[in-house]
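Reading through the structure tokens given below for one structure.
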Amino acid sequence: MKTCSKTNKVTVWMKDDGNLGVKIATDCPHVKDYASKLTEITMDDVVSFAGSKVVDPEIRASLSVPCLTPIAVFNAAWMELGMLSKSMAKNVGENSVSFHPDVESEDL
């Protein structure tokens, strides 16, 4: 995240039991806390935002509201499950949020 100068790398993989393993490497102490609580997710956690462990208030309590790490977990899980094209993600390279504080909304 460029707004906080921290770096996160999210890895999600399919486990033998059908659940997904989650590993988050980071230099942010808040994300480290989140990562220690989110080491495994289920298909239900990936396909539904409501009730998902990824965004559970108790699990993500240490994160700021605009932290993009939970969204990165969703995206990595979707790619692992084939719900998001790996080749498309590779071609796009990155998703981003752009700030335009001096532009009126009707001009966007």
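This structure is a prediction, so every number in the text was calculated from the model and none was measured. Keep in mind that the numbers below use all heavy atoms, side chains included, and drop hydrogens, waters and symmetry copies.
With sequence neighbours excluded, the residues forming a side chain to side chain donor-acceptor pair (under 3.5 Å) with Thr42 are Asp45, listed by chain and number. Every side chain to side chain donor-acceptor pair (under 3.5 Å) that Thr26 has, sequence neighbours left out, goes to Asn8. Applying the side-chain contact (heavy atoms from CB on, under 4.5 Å) rule to Asp102 yields no partners; only residues at least two apart in sequence or on another chain are considered. Under the rule for a side chain to side chain donor-acceptor pair (under 3.5 Å), the partners of Lys15 that lie at least two apart in sequence or sit in another chain are Glu40. The side chain to side chain donor-acceptor pair (under 3.5 Å) check on Asp33 picks up Lys37, Ser62, with sequence neighbours excluded. Checked against side-chain contact (heavy atoms from CB on, under 4.5 Å), Ser85 has the following partners two or more places apart in sequence or in another chain: Ser87, Met88. Scanning for side-chain contact (heavy atoms from CB on, under 4.5 Å) contacts around Asp16 gives an empty result, with sequence neighbours left out. In this structure, Thr39 has no side-chain contact (heavy atoms from CB on, under 4.5 Å) partners at least two apart in sequence or on a different chain.
One distance of note links CG of Asp27 with NZ of Lys32; it measures 7.5 Å at 0.5 Å rounding.
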Pairs under 3.5 angstrom only: tabulate donor-acceptor contacts from the side chains of residues 71-82 to other protein residues two or more places apart or in another chain.
{"residue": "Asn75", "atom": "ND2", "partner": "Ile71", "partner atom": "O", "Å": "2.9"}
{"residue": "Trp78", "atom": "NE1", "partner": "Val46", "partner atom": "O", "Å": "3.0"}
{"residue": "Glu80", "atom": "OE2", "partner": "Met14", "partner atom": "N", "Å": "3.2"}

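Every pair tested for ring pair (Phe, Tyr, Trp, His ring centres under 6.0 Å) that includes a residue from residues 12-45 fails, sequence neighbours excluded, so the list is empty. The salt bridge (charged side-chain N to carboxylate O under 4.0 Å, His left out) pairs that include a residue from residues 85-95 number zero, where partners must be two or more places apart or lie in different chains.
Using a 4.5 Å heavy-atom cutoff, the side chains of Arg60 and Thr69 are not in contact.
If you chain together hydrophobic residues whose side chains sit under 4.5 Å apart, Leu68 and Val22 never meet in one group. Val31 and Ile59 fall within a single hydrophobic cluster, where Ile, Leu, Val, Met, Phe, Trp and Tyr side chains are chained together by heavy-atom contacts under 4.5 Å.
Summarising the geometry of Val54 relative to Pro70, their closest heavy-atom pair is CG1-O, 3.5 Å, with the distance given to 0.1 Å.
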